[in-house]
Amino acid sequence: MPTPAPVSVPTPREVFTTLAGLLSAGRWDEVAALYAEDAVAELPFALPVPDRVEGRATLHERFTMLGAGNLEMVVENIRVHETADPEVIVAEFETRGKALTTGRAFHLANIQVLRVRDGLIEHTRDFHDHAALAVATGRMPALDAALGDGFALDRVPDAA
């Protein structure tokens with residue numbers, strides 16, 4: 001009996017390249033399939049407080065909501081840095097686009113630290129310019145109201 005051919009598992013770099021391609025193509029409903037069932041996405045710079053999203057299903061809801069005709073964007077100027085851990089990469093990139101609800105253009109700098117195991121994203125720490133996105137999407141007044149007298153550490157959810 002012949003030996004089956006080994007199954008090729010995408011590298012972290014290949015997974016990120018696929019992620020960037022899906023986002024650039026507006027295929028938001030397909031993005032969550034790149035994540036493990038129990039994936040965690042941390043957004044330490046999210047406003048008004050840091051955010052943590054757990055599980056592929058919740059990520060799918062978030063990505064679908066983001067892509068519901070609200071944003072057109074292209075991921076560009078990608079630089080991927082390998083680390084001593086073969087499962088972890090650091091991706092620097094820019095996103096350019098337009099918020100369709102306001103017609104405003106945006107240009108964001110981003111850094112994403114990804115852990116990819118068996119071809120699926122298990123964990124990310126996403127550092128995006130949330131303030132610039134709030135301006136583009138017209139959410140700055142709501143963000144200003146949410147911040148009130150300023151950022152309060154007692155409003156930060158536990159990251160446990």
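Predicted model only: the values in this text are computed from it and were never measured. Just so you know, these numbers use all the heavy atoms, side chains as well, and skip hydrogens, waters and symmetry mates.
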**Prompt:** At what distance, to the nearest 0.5 angstrom, does CE of Met73 lie from CG of Leu133?
**Reply:** 9.0 Å
**Prompt:** For Thr137 and Arg139, what are the C-alpha separation, side-chain angles and deciding distance, and is it a side-chain hydrogen bond (donor to acceptor under 3.5 Å, both in side chains)?
**Reply:** CA-CA 6 Å; Thr137 58; Arg139 292 184 300 114; 3.1 Å; yes
**Request:** Using atom types as modelled and distance alone, determine if a side-chain donor or acceptor of Asp51 lies under 3.5 Å from a backbone N or O of Val49.
**Result:** no
**Asked** Crowded around Asp118 CG? As in, over 12 foreign heavy atoms under 6.0 Å?
**Response** no
**Prompt:** Do Ile111 and Val40 share a hydrophobic cluster, counting only Ile, Leu, Val, Met, Phe, Trp and Tyr and linking them when any side-chain heavy atoms are less than 4.5 Å apart?
**Reply:** no
**Item:** Heavy-atom pair with the smallest gap, counting every atom of His128 and Asn110
**Value:** ND1-OD1, 2.6 Å
**Request:** Kindly write out the residues that satisfy salt bridge (charged side-chain N to carboxylate O under 4.0 Å, His left out) with Glu76, not counting sequence neighbours, or none if the list is empty.
**Result:** Arg96
**Message:** I'd like to know if the side chain of Arg52 and the backbone of Pro50 have a donor-acceptor N/O pair within less than 3.5 Å.
**Reply:** no
**Side-chain touch Leu114/Glu122, heavy atoms, less than 4.5 angstrom** = no
**Request:** Compare all side-chain heavy atoms of Thr18 with those of Leu22 and state whether any distance is below 4.5 angstrom.
**Result:** yes
**Fill in**
Looking only at heavy atoms, the pair that brings Ala32 and Phe63 closest together is N-CD1, 4.1 Å
**Message:** Using 0.5 Å steps for rounding, measure from the NE2 atom of His107 to the CG atom of Asn77.
**Reply:** 7.0 Å
**Asked** If you look at every heavy atom in Val9 and Glu14, which pair is closest and at what distance?
**Response** O-OE1, 4.3 Å
**Request:** State plainly whether one hydrophobic cluster holds both Leu100 and Trp28, where clusters connect Ile, Leu, Val, Met, Phe, Trp and Tyr through side-chain heavy atoms under 4.5 angstrom apart.
**Result:** no
**Prompt:** Does the side chain of Leu108 reach to within under 4.5 Å of the side chain of Glu94, using non-hydrogen atoms?
**Reply:** no
**Item:** Side-chain heavy-atom pair Val135, Phe106 within 4.5 angstrom cut-off
**Value:** no
**Asked** Looking at Pro12 and Pro86, what are the two nearest heavy atoms and their distance?
**Response** CG-O, 3.5 Å
**Prompt:** Between Arg125 and Glu42, does at least one N-O distance fall below 4.0 Å, as a salt bridge requires?
**Reply:** yes
**Asked** Is the backbone of Val88 close enough, under 3.5 Å, to the side chain of Thr83 for a donor and an acceptor to pair up by distance?
**Response** yes
**Request:** Answer yes or no: is there an ion pair linking Arg56 with Asp38, defined by an N-O contact shorter than 4.0 Å?
**Result:** no
**Message:** Run Arg13 and Val116 through side-chain contact (heavy atoms from CB on, under 4.5 Å) and show every step you take.
**Reply:** CA-CA 9 Å; Arg13 180 185 293 267; Val116 177; over 6 Å; no
**Prompt:** Step by step, would you call Phe16 with Val80 a side-chain contact (heavy atoms from CB on, under 4.5 Å)?
**Reply:** CA-CA 9 Å; Phe16 179 79; Val80 175; 4.1 Å; yes
**Item:** Step-by-step side-chain hydrogen bond (donor to acceptor under 3.5 Å, both in side chains) determination, Asp126 to Thr124
**Value:** CA-CA 6 Å; Asp126 304 348; Thr124 66; 3.0 Å; yes
**Request:** Measure across Ile78 and Ala20 and return the closest heavy-atom pair with its distance rounded to 0.1 Å.
**Result:** CD1-CB, 3.8 Å
**Asked** Between CD of Glu37 and CG of Leu59, what distance do you get to the nearest 0.5 Å?
**Response** 10.5 Å
**Message:** Quick check: do Thr101 and Asn70 have side-chain heavy atoms less than 4.5 Å from each other?
**Reply:** yes
**Prompt:** Would you say Tyr35 and Leu120 make side-chain contact, with heavy atoms under 4.5 Å?
**Reply:** no
**Prompt:** Do Gln112 and Phe93 come close enough that some side-chain heavy atom pair is under 4.5 Å?
**Reply:** yes
**Message:** With a 3.5 Å distance limit and no angle check, can you tell me whether Ser24 reaches the backbone of Val75 through a side-chain donor-acceptor pair?
**Reply:** yes
**Request:** To the nearest 0.5 Å, tell me how far Met65 CE sits from His60 NE2.
**Result:** 12.0 Å
**Asked** Minimum heavy-atom separation for Ala99 to Ala136, with atom names?
**Response** CB-O, 3.3 Å
**Item:** Single-linkage hydrophobic cluster Val113~Leu43, side-chain heavy atoms < 4.5 angstrom
**Value:** no
**Asked** So, do Ile121 and Arg115 sit near enough that their side-chain heavy atoms are less than 4.5 Å apart?
**Response** no
**Working for side-chain contact (heavy atoms from CB on, under 4.5 Å), residues Arg104 and Lys98** = CA-CA 5 Å; Arg104 292 181 182 157; Lys98 180 167 65 171; 6.0 Å; no
